[in-house]
Amino acid sequence: MDNLSNSDENYDLGYHPSPSSVDQNDHSLAETSTSGDSFMYRRTDSETSAFSESVDDSSYSGEASPWFCPNVKTRFHNQVALTRLGMKQHNKNATDDKLEDHEAVDAELEMMKERFAKLLLGEDMSGSGKGVCTAVTISNSITNLYATVFGQNLRLEPLNPEKKAMWKREMNCLLSVCDYIVELIPISQNLQDGTEMELMTSRPRSDLYINLPALQKLDAMLIEVLDSFQDTEFWYAEKGSMSSNSNHSGSGSFRRVIVQRNEEKWWLPIPCVPPGGLSEKSRKHLKHKRDSSNQIHKAAMAINSSILAEMEIPDSYMSTLPKSGKSCLGDSIYRYMCTMDKFSPEHLLDCLNLATEHEALELADRVEASMYTWRRKACMSNSKSSWVMVKDLMSETDKSDKNHILAERAECLLFCLKQRYPELSQTSLDTCKIEYNRDVGQAVLESYSRVLESLAFNIVAWIEDVICVERSVRNQGK
């Protein structure tokens, strides 16, 4: 109990830019077990939130240990433990209030213990040790928590206070594992006699030290953006019915316009504005928040991409690569990449004229596979073909080698493809990396940045919807 109580205080799976499209994000989040939001990474059938419903000021290490298991089964009846677990103590002057308080606390503790046990079991309820590893479990937990809190939030409005508290409380718990992922660094210390000594001290691992505070800041900024849409001049009406708000008479005249908007977003509520449009102040506010959310989205995308790039490529992926990059891309794309002196990925994408996201994702998988096939062939002088060896030998590869040039062009094409289709789901390689990743710190950073990236992308899209509607209404009034 002491080990659990003394832990320091410190919590949903999208590529599309690892981001997801607004539609795909919002729609798929409602089905977190099969799709992780803006990405296509398959998830296990777990609770919508795989962690404690009631933990606030407590945290824990995400790994199971001998001292922890008995504590999960211990009843926390003393006042100090309850306080550390964030349980609110109510007025206990009356006997009835005391009984109700104890019943509520016991119910919350039982729920916490159940979810904590599932987390440590790695989503294997049989207890046979066949569950997923700690890294994947925590990644799933963050994904599921995001789906629980934001999955049904499809409007520009403040987050429900209960869900906001749940998000902060459980994220603090899941992120607390990062407090114990440290590295040793040398420091100098002067003794009383003037002697200088070099000591080793611990600090958070460099990737966590740099990225985790940045992600927490982006998280707070996104919540602040949603909170800023409290008293708005626009409102929402469900598709197929008139707005229930009688104070806004312009909803009926507007619905004729909005039906022409993307019909694939059939599950999204329809934004409505007054007949004369929004005030100048509201328009400026919308554009400012759109620009801010767009910058947050880019920052989260950059962190997610860097973490995925650092993850080891599983040998299982390398073993499935074809022997020829040409067989991945097809004759037409291969000829263009080989024959052009000045390779233009933008021109190639224009010629391909991709019509759907499915086609874009399929091309991204093929280009990525061909890129690593050529990189492996460029390093064939070494007998080992694992990604670790390929990465180590890339700097020694002859830059004029044909395979190296083709690999560089494939990388440029993949980058442009992801930039042109920011709603692109995760590629097969990204999915494989997350599935086989064993680094808990990388799992936390990747999943945290991915869900923030998805939320920021959604907010930008929702604001764009309102701006589009407002522009259409103003044009009709002219």
Side-chain angles (χ1 to χ4, degrees), residues 13-19 36 38-43 132-140 143 205-208 211 301-329 361-397 401 403-418 424-450 453:
L13 232 104
Y15 184 81
H16 82 39
S18 240
S38 53
F39 41 81
M40 300 300 292
Y41 179 55
R42 295 287 179 181
R43 294 299 180 184
V132 297
C133 71
T134 304
V136 177
T137 302
I138 291 182
S139 179
N140 287 345
T143 301
R205 203 173 68 185
S206 57
D207 57 341
L208 295 168
N211 293 315
M301 185 195 313
I303 293 176
N304 185 264
S305 299
S306 66
I307 297 302
L308 282 171
E310 288 298 320
M311 285 185 180
E312 296 292 344
I313 298 182
D315 290 338
S316 59
Y317 179 84
M318 297 296 291
S319 63
T320 59
L321 291 177
K323 295 182 179 180
S324 168
K326 179 180 179 180
S327 62
C328 293
L329 295 176
L361 182 60
E362 182 184 10
L363 177 61
D365 282 334
R366 290 160 50 198
V367 172
E368 201 164 43
S370 65
M371 178 178 69
Y372 287 108
T373 298
W374 284 320
R375 284 183 175 176
R376 184 175 60 181
K377 292 179 69 174
C379 305
M380 283 300 287
S381 57
N382 192 289
S383 58
K384 294 184 179 181
S385 60
S386 68
W387 167 240
V388 176
M389 185 58 64
V390 170
K391 186 167 61 173
D392 291 341
L393 294 176
M394 282 308 297
S395 59
E396 305 173 7
T397 305
D401 182 80
N403 291 310
H404 177 80
I405 294 175
L406 289 174
E408 291 294 315
R409 291 184 172 183
E411 184 176 11
C412 291
L413 179 59
L414 182 63
F415 178 80
C416 290
L417 184 62
K418 291 178 179 180
L424 201 64
S425 303
Q426 284 182 317
T427 63
S428 299
L429 176 58
D430 292 336
T431 300
C432 191
K433 283 183 175 182
I434 296 172
E435 181 181 357
Y436 288 94
N437 174 51
R438 296 297 180 266
D439 189 303
V440 174
Q442 288 182 339
V444 170
L445 293 176
E446 191 281 326
S447 56
Y448 196 12
S449 61
R450 177 165 23 81
E453 176 186 342

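We count residues from 1, following the sequence as given. Just so we're clear, the structure is a prediction, and the values are computed from it rather than from any experiment.
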Legend entry - Gap between atom CG of L414 and atom CG of D365 - 0.5 Å precision: 9.5 Å
Legend entry - Smallest separation among heavy atoms of R205 and G441, with atom names: NH2-CA, 3.7 Å
Legend entry - Where A407 and R375 come nearest, the two heavy atoms and their spacing: CB-CG, 3.6 Å
Legend entry - Under the side chain to side chain contact (heavy atoms under 4.5 Å, CB included) test, residues paired with S316 that sit two or more places apart: P314, C432, Y436
Inset, instruction - Working to the nearest 0.5 Å, report the span between SG of C328 and CD of E368. - result: 11.0 Å
Inset, instruction - State the OH-OG distance between Y448 and S139, to the nearest 0.5 angstrom. - result: 14.0 Å
Inset, instruction - Give, for atom OG1 of T373 and atom CG of L406, the distance between the pair rounded to the nearest 0.5 Å. - result: 11.5 Å
Legend entry - Closest approach of Y372 to L429 (non-hydrogen atoms, all atoms of both residues): CE1-CD2, 3.3 Å
Inset, instruction - Considering non-hydrogen atoms only, spot the tightest contact between K433 and A309 and give its length. - result: NZ-CA, 4.0 Å
Legend entry - Test item: E312 and Q442 side chains (from C-beta on) under 4.5 Å apart, heavy atoms: no
Legend entry - Shortest non-hydrogen contact between L445 and S449, atoms and distance: O-OG, 2.8 Å
Inset, instruction - Working to the nearest 0.5 Å, report the span between CE of M311 and CD1 of I434. - result: 6.0 Å
Legend entry - side chain to side chain contact (heavy atoms under 4.5 Å, CB included) partners of S306, counting only residues at least two apart: none
Legend entry - Approximate separation, where rounding is to 0.5 Å, of S370 OG and N403 CG: 11.0 Å
Legend entry - Closest contact, heavy atoms only, N437 versus A135: O-CB, 3.7 Å
Legend entry - Contact check, side chains of L321 and R376, non-hydrogen atoms, under 4.5 Å: yes
Inset, instruction - Look at the side chain of S305 and the backbone N and O of A302, then say whether any donor-acceptor pair between them is shorter than 3.5 Å. - result: no
